[in-house]
Amino acid sequence: MWNRDRWQEMFYTLRKNKLRTTLSGFTVAMGIFIFVLLFGFGNGLKNSFQEFFMDDSTNTVWLYPGQTEKPYRGFKAKRRIIFKNDDLVDIQQNFPFFIEYLTPRISRGALVKRGKESNNYTIRAVAPGHQYAEKTIITNGRYINEADVQNKTKFATIGRLVENDLFGDKPSIGQQIDVGGISFKVVGVFKDDGGDNEERLIYIPYTTRQRLEKSNDRIDQIIVAFRPELGYAGALALEKKLNAFMRKKHNIAPNDRSGIYVRNVAADLKETQQFAGVLQWVVFFIGIGTLLAGIIGISNIMVFVVKERTKELGIRKAIGATPKSVIGMILHESVFITTIAGYVGLLAGVGTLSLIGDSLEEFFIINPYISTNTAVIATLILILFGAIAGYIPARRAAKIKPIIALRDE
Amino acid sequence: MIKIKELHKSYTMGQNTLYVLKGIDFDVREGEMVAIMGSSGSGKSTLLNILGMLDTADSGTYILDSNPIKELDETKAAIYRNKFLGFVFQSFNLISYKTALENVMLPLYYQKVNRKERQARAQNFLEQVGLGPWASHHPNELSGGQKQRVAIARALVSEPKVLLADEPTGALDSKTSYELMDVLQKINDTGITLLIVTHEEDIAKMCKRIVHLRDGVIVEDKKVKQVRASSYVE
Ligand SMILES: Nc1ncnc2c1ncn2[C@@H]1O[C@H](COP(=O)(O)OP(=O)(O)OP(=O)(O)O)[C@@H](O)[C@H]1O
Ligand SMILES: [Mg+2]
């Protein structure tokens with residue numbers, strides 16, 4: 001392998017047969033290049049998937065009030081269920097060991113003004129725990145806190161894009177905004193990984209909303225965060241118990257599918273993860289497929305190369321080349337070409353990914369990348385199979401009688 | 001040097017079997033220069049290819065330099081081809097992407113001679129066949145006669161004991177043929193055994209012995225008075 005003469009002979013042959021060299025090198029480089037791109041895109045797809053579905057807390061159960069379908073205990077059917085503040089208290093008192101935090105959510109749309117700027121936003125009235133449920137990230141100031149809820153303050157924490165719209169570059173903390181005719185003071189700014197819509201929100205204390213709406217104590221939804229230690233099974237059990245508890249409290253028939261809706265994010269997550277798993281496999285198979293295509297490509301080229309050289313190999317054998325040296329020569333060349341070309345394809349692929357990676361977000365491909373390990377292993381596999389692909393026809397060529405090889409035209 | 005006994009060779013194509021060599025007995029001593037003649041299809045090339053270990057016989061014995069060449073494995077056969085035998089083909093069989101010098105150097109590459117020495121020895125042999133100035137030319141820049149001399153230099157560079165030539169003058173005009181025969185006779189003068197397949201009577205007469213093949217057997221085997229090719233040259 002390290003024989004200088006052999007290297008010289010090889011370089012000479014490669015240089016004198018440029019077309020052949022370029023052709024086989026190109027196939028390999030292309031194979032690796034496409035592999036890196038597709039694999040990167042696959043990973044990007046997975047990333048965007050994760051951003052869409054994994055930006056919220058996963059240890060939550062969501063309760064939504066609905067309308068009953070069945071009469072029960074003297075109540076008529078089609079009764080509208082309404083959650084109130086005492087539901088929060090009851091849940092807290094009945095499940096003290098399972099619950100991490102609890103928050104209501106009341107959503108209203110409103111026209112929001114600040115100076116000459118105005119826009120429509122969704123206003124969410126919440127308790128402090130909501131910050132964890134949505135994984136809201138405070139970038140400036142603070143979130144709604146317990147004191148705000150106690151005192152029914154007219155404070156608001158606004159999304160990054162809301163701040164952008166209304167304040168531009170100017171600071172927003174401490175400034176007043178007009179929310180549907182009521183003046184609120186901005187106490188914080190947040191960002192959210194869930195996408196633009198999640199950053200076009202305004203959070204206010206839920207008690208403030210209730211006071212503004214004729215001092216009622218209604219809430220739209222309840223988000224219950226359970227202790228993560230419960231695990232998946234515990235979460236399912238808690239979901240069941242919560243459901244039963246609320247149904248009993250609100251006099252809803254146990255077999256009434258409407259009335260209260262429950263969404264368990266933990267269960268959703270399980271499906272989500274299964275889907276992510278499927279996506280992982282898709283990426284994997286795309287990779288294997290491309291590699292396979294590359295291997296078939298190299299095999300074809302190697303068969304062609306050896307076939308084309310049959311006569312030359314016959315001449316070499318007639319003047320004393322041993323089968324070992326014939327095989328060695330072809331392998332040496334093919335491994336050398338695949339290594340160099342594979343490396344070039346690898347660099348080109350990684351380079352292209354980092355060049356165009358950021359512009360692919362609209363195709364749901366976020367931060368496409370390929371790990372060094374995957375790329376190197378793929379290249380090594382291609383080199384290995386390039387060698388095998390070269391070995392098989394080389395061995396056949398080395399075995400045939402020189403006279404038959406010489407007759408080849 | 002060469003001893004063959006009861007050599008048989010046939011080709012099978014589909015249903016038909018063509019018997020080409022039907023029991024050849026034939027001895028060649030060191031330093032001989034033998035012409036093998038016969039009509040087209042009589043099996044001359046087949047015989048020479050077997051002697052040159054490019055092909056194998058169906059049956060019979062072949063002893064080369066007191067070594068029995070039976071079912072030799074390819075690696076050993078390669079060593080014999082490299083060290084004992086030189087082969088010259090009618091169609092030259094030079095490697096087209098290599099220069100004349102590099103073609104002549106190649107057998108030494110397989111003897112693991114280092115590059116400098118390969119170059120020197122190949123140049124020396126090219127000069128012996130009168131092609132010194134053409135060393136860096138590629139085969140497609142050379143005439144038929146020149147190509148055949150490169151092929152001869154390549155066959156000789158590994159200093160074989162036997163040189164086998166299959167119609168070496170077949171593609172050449174008569175003047176070039178005589179020049180080539182002159183080269184071959186001088187090689188024979190140095191003690192190398194020569195076997196030459198030819199159609200042409202005058203070429204055969206430049207050897208020391210003529211063997212006639214017909215229908216796969218030797219029908220005539222006679223010593224002749226050698227005509228020196230040098231008398232035709234110049
Ligand atoms: N590979 C082969 N397969 C089948 N038949 C073959 C093969 N090689 C040679 N033959 C046949 O064997 C016979 C002898 O061939 P060979 O080449 O030895 O003849 P030759 O005496 O050299 O003829 P020429 O003077 O035309 O070169 C011919 O009939 C030829 O058709
Ligand atoms: Mg012939």
Produce the donor-acceptor pair table for chain B versus chain A, cut-off under 3.5 Å.
from, atom 1, to, atom 2, distance (Å)
Leu54(B), O, Ile403(A), N, 3.2
Asp55(B), OD1, Lys401(A), NZ, 3.1
Thr56(B), OG1, Lys401(A), NZ, 3.2
Glu74(B), OE1, Lys317(A), NZ, 3.3
Arg81(B), NH1, Lys317(A), O, 3.3
Asn82(B), ND2, Ile319(A), O, 2.8
Asn93(B), OD1, Lys311(A), NZ, 3.3
Tyr97(B), O, Tyr12(A), OH, 3.2
Tyr97(B), OH, Glu312(A), OE1, 3.4
Tyr97(B), OH, Glu312(A), OE2, 2.7
Tyr97(B), OH, Arg316(A), NH2, 3.3
Lys98(B), NZ, Glu9(A), OE1, 3.4
Lys98(B), NZ, Glu9(A), OE2, 2.9
Glu102(B), OE1, Tyr12(A), OH, 2.2
Glu102(B), OE2, Tyr12(A), OH, 3.2
Tyr110(B), OH, Arg316(A), NH1, 2.9
Arg118(B), NH1, Asp5(A), OD2, 2.3
Arg118(B), NH2, Asp5(A), OD2, 3.4
His138(B), NE2, Lys16(A), NZ, 3.1

* Asked: Any side-chain heavy atom of Ile63(B) within less than 4.5 Å of one from Ile2(B)?
  -> no
* So which heavy atom on Thr193(B) is nearest to which on Glu30(B), and how close? -> OG1-CA, 3.5 Å
* From Ile295(A) CD1 over to Ile388(A) CD1, what is the distance, rounded to the nearest 0.5 angstrom? -> 8.5 Å
* Under 6.0 Å from the CG atom of Asp25(B), do we count more than 12 heavy atoms belonging to anything else shown? -> yes
* Are the aromatic rings of Phe87(B) and Phe89(B) close, with centres under 6.0 Å apart? -> yes
* Structure fact -> Among Gly52(B), Ala77(B), Ala78(B), the residue with the most heavy-atom pairs under 4.5 Å to chain A is Ala78(B)
* Asked: If you tally heavy-atom pairs under 4.5 Å against chain B, which of Gly314(A), Ala405(A), Pro323(A), Ala398(A) wins?
  -> Pro323(A)
* Spacing of Ile196(B) atom CD1 and Leu48(B) atom CG [to the nearest 0.5 Å] -> 10.0 Å
* Phe84(B) CZ: over 12 foreign heavy atoms closer than 6.0 Å -> yes
* Asked: Where on Val113(B) is there a heavy atom nearer than 4.5 Å to chain A: the side chain, the backbone, both, or neither?
  -> backbone
* To do: Using a cut-off of under 4.5 Å on heavy-atom pairs, state which of Ile95(B), Leu94(B), Leu85(B) scores highest against chain A.
  => Ile95(B)
* Under 6.0 Å between the ring centres of Phe336(A) and Phe11(A)? -> yes
